[in-house]
Amino acid sequence: MSDLIQKAKLANATTTALATKSTEQKNQALKLLANELRKQKDYIMAENNRDIVAGRNNGLHESLIDRLILNEERIEDMADALIQLTDLKDPIGEIMEEWSRPNGLRIQKARVPIGVVGMIYEARPNVTIDAASLCLKTGNAVLLRGSSSAIYSNTALVKVIHDALKQSDLPENAVQLVEDTSRETASQMFKLNEYLDVLIPRGGKKLIDTVVANASVPVLETGAGNCHLFIDESANKDMAIEIAINAKTQRPSVCNAIETILVERNWAESHLAALIQALQDANVEIHGDSITVSKGNHIIKATEEDYETEYLDHIVAIKVVDSVQEAIDHINQYGTNHSESIITENDEHVVRFMNEVDAAAVYHNASTRFTDGFEFGFGAEIGISTQKLHARGPMGLEALTSTKYLLYGNGQMK
């Protein structure tokens with residue numbers, strides 16, 4: 001039996017026990033995990049350093065190296081997030097609706113765990129903790145399959161998770177890591193319907209498209225982030241520039257950073273040069289249309305590919321548009337249904353943008369960097385869904401639940 005199937009079976013075998021654990025037992029396990037992260041931070045950072053050294057030796061781009069890094073601050077943030085997760089309401093067992101039928105049957109609709117979640121993700125080892133903690137809090141087992149670039153980090157983190165679970169009332173086997181990071185093993189995982197209830201891919205567009213196209217296990221699609229900022233004619237100059245800088249540079253390697261800035265023509269006439277200068281002062285490379293090129297120096301002429309690209313780097317595309325409708329049409333053509341923002345003082349344009357832009361999160365006068373489970377008050381997130389079935393946007397605890405109908409009778413027959 002392959003290691004993949006063995007681990008899938010081990011995870012699947014824990015689902016009944018997990019589903020019956022109390023909130024107190026699950027929270028205690030999360031607190032133990034937070035303690036172990038802090039206690040074993042030197043071990044985690046040493047193993048993480050092996051991934052970083054290997055990544056640099058293999059020519060991995062620095063934006064991807066940034067995703068890999070686990071320093072003291074990030075480990076502490078992970079531990080803090082676990083404690084915050086214990087304060088959140090446990091959705092399992094919640095009675096969502098209750099009613100009685102004329103024949104006396106009493107019906108309840110209750111939240112229950114999904115079962116076994118298969119996570120396929122790239123680079124960021126913090127996803128190991130995010131996925132495991134959210135699954136444990138919701139009574140789900142999880143089979144983790146990270147990328148080869150983070151194998152030492154992920155292995156270390158799962159060891160820490162198991163050390164914590166051994167001290168808890170939750171089964172240690174509820175969290176499993178597939179250490180074989182080959183494409184063949186990933187392809188096998190796509191087909192494990194017997195053991196997995198859902199697959200969640202988290203990474204770049206290529207990974208997500210591959211999983212969606214090839215999996216027979218149901219997929220919760222977390223999308224790539226080709227996100228846009230539209231600066232309307234009435235936009236406050238300083239606000240627009242500050243939001244653009246934040247949304248592009250605060251952490252460019254993440255999926256809720258903007259990749260294209262659309263600028264209304266009249267605003268561009270007055271302020272585009274200032275926006276370009278601010279971006280260049282922040283070390284952002286600009287790919288622009290002909291108007292943008294004419295407004296500054298060292299600007300690369302944009303191609304069709306630029307408007308389709310999720311750079312995940314200090315690079316941005318800029319295009320001048322004639323109207324809010326042209327901006328909406330551009331976003332709906334090139335966007336990935338993730339996060340989009342409009343900067344405007346025109347209430348009518350706000351309503352049109354909010355209603356017509358097809359995305360999981362749509363902003364007015366704010367940075368797209370807030371599309372995040374923690375920022376939404378969900379605690380950690382399993383990913384940001386860009387699809388429309390089951391869950392959309394940052395997926396917290398409720399997104400990892402299903403429902404069950406409970407029917408109570410006194411002898412009713414049909």
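Owing to the predicted nature of the structure, the values given are computational and were not obtained by experimental measurement.
- Side-chain contact between E76 and R38 is present, with heavy atoms from C-beta onward closer than 4.5 Å.
- Surrounding NZ of K301 are more than 12 heavy atoms belonging to other residues, nucleotides or ligands, all under 6.0 Å away.
- No hydrogens or angles considered: nothing links the side chains of N246 and E242 as a donor-acceptor pair under 3.5 Å.
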Which is it for S216 and N193 under the side-chain hydrogen bond (donor to acceptor under 3.5 Å, both in side chains) test, yes or no, and what are the steps along the way?
CA-CA 7 Å; S216 57; N193 298 64; 2.6 Å; yes
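- The ring pair (Phe, Tyr, Trp, His ring centres under 6.0 Å) search around H228 returns H330, not counting sequence neighbours.
- With a 6.0 Å radius and a threshold of 12 heavy atoms from other residues, nucleotides or ligands, K191 has its NZ atom above the threshold.
- Contact check for L220 versus I382: no side-chain heavy atoms found under the 4.5 Å cut-off.
- Contact check on K7 versus D180 returns no salt bridge, with no Lys/Arg side-chain nitrogen under 4.0 Å from an Asp/Glu carboxylate oxygen.
- With a 4.5 Å cut-off on side-chain heavy atoms, Q40 and K159 count as touching.
- Each of T128, T222, D130, N126 was checked for a side chain to side chain donor-acceptor pair (under 3.5 Å) with Y121, and the lone residue meeting it is T128.
- Residues satisfying the salt bridge (Lys or Arg N to Asp or Glu O under 4.0 Å) test with R202, not counting sequence neighbours, are E381.
- Within 6.0 Å of NZ in K205 there are 12 or fewer heavy atoms belonging to other residues, nucleotides or ligands.
- Note on D358 versus R392: salt bridge recorded, some NZ/NE/NH1/NH2 to OD/OE distance being below 4.0 Å.
- Few gaps surround OH on Y307; more than 12 heavy atoms of other groups in view lie less than 6.0 Å from it.
- By the 6.0 Å contact criterion, CZ on F370 is open, its count of non-hydrogen atoms from other residues, nucleotides or ligands being 12 or less.
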For D329 and Q333, run side-chain hydrogen bond (donor to acceptor under 3.5 Å, both in side chains): C-alpha distance rounded to whole Å, both residues' side-chain angles, the deciding distance at 0.1 Å, then the answer.
CA-CA 6 Å; D329 291 343; Q333 178 178 351; over 6 Å; no
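- Side-chain N/O atoms of S153 and N48 include a donor and acceptor closer than 3.5 Å.
- Counting non-hydrogen atoms of neighbouring residues, nucleotides and ligands closer than 6.0 angstrom, the CG atom of L407 exceeds 12 such neighbours.
- Side chains of D163 and Q167: a donor-acceptor N/O pair is absent below 3.5 angstrom, by distance only.
- Side chains of L30 and K137 form a contact here, defined as non-hydrogen atoms less than 4.5 Å apart.
- Below 30°, between 30° and 60°, or above 60°: for F353 and F230 the angle between ring planes is below 30°, a parallel geometry.
- Side-chain contact between Y311 and E285 is absent, with no heavy-atom pair separated by less than 4.5 Å.
- One finds a salt bridge joining R56 and E62 here, because a Lys/Arg side-chain nitrogen approaches an Asp/Glu carboxylate oxygen to under 4.0 Å.
- Between I300 and I315 there is no side-chain heavy-atom pair separated by less than 4.5 Å.
- Salt bridge annotation for E179-R145: absent, with no cationic side-chain nitrogen under 4.0 angstrom from a carboxylate oxygen.
- Salt-bridge check for E269 with K295: passed, with a basic side-chain N closer than 4.0 Å to an acidic carboxylate O.
- Exactly one residue among T371, T386, T368 makes a side chain to side chain donor-acceptor pair (under 3.5 Å) with S339. That residue is T371.
- Counting only heavy atoms from C-beta outward, the side chains of T309 and N226 never approach each other to under 4.5 Å.
- In this structure, K319 does not pair ionically with D289, as no charged nitrogen and carboxylate oxygen lie closer than 4.0 Å.
- In this model, no donor atom of one side chain and acceptor atom of the other lie less than 3.5 Å apart for Y405 and E97.
- Between the side chains of N140 and T138, at least one donor N or O sits under 3.5 Å from an acceptor N or O.
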Can you list the steps and then say if I44 with L157 is a side chain to side chain contact (heavy atoms under 4.5 Å, CB included)?
CA-CA 7 Å; I44 295 167; L157 289 171; 4.0 Å; yes
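- Using a 4.0 Å cut-off between charged nitrogen and carboxylate oxygen, R124 and D66 do not count as a salt-bridge pair.
- For the pair N346/V324, no side-chain contact is recorded, criterion being any heavy-atom separation below 4.5 Å from C-beta on.
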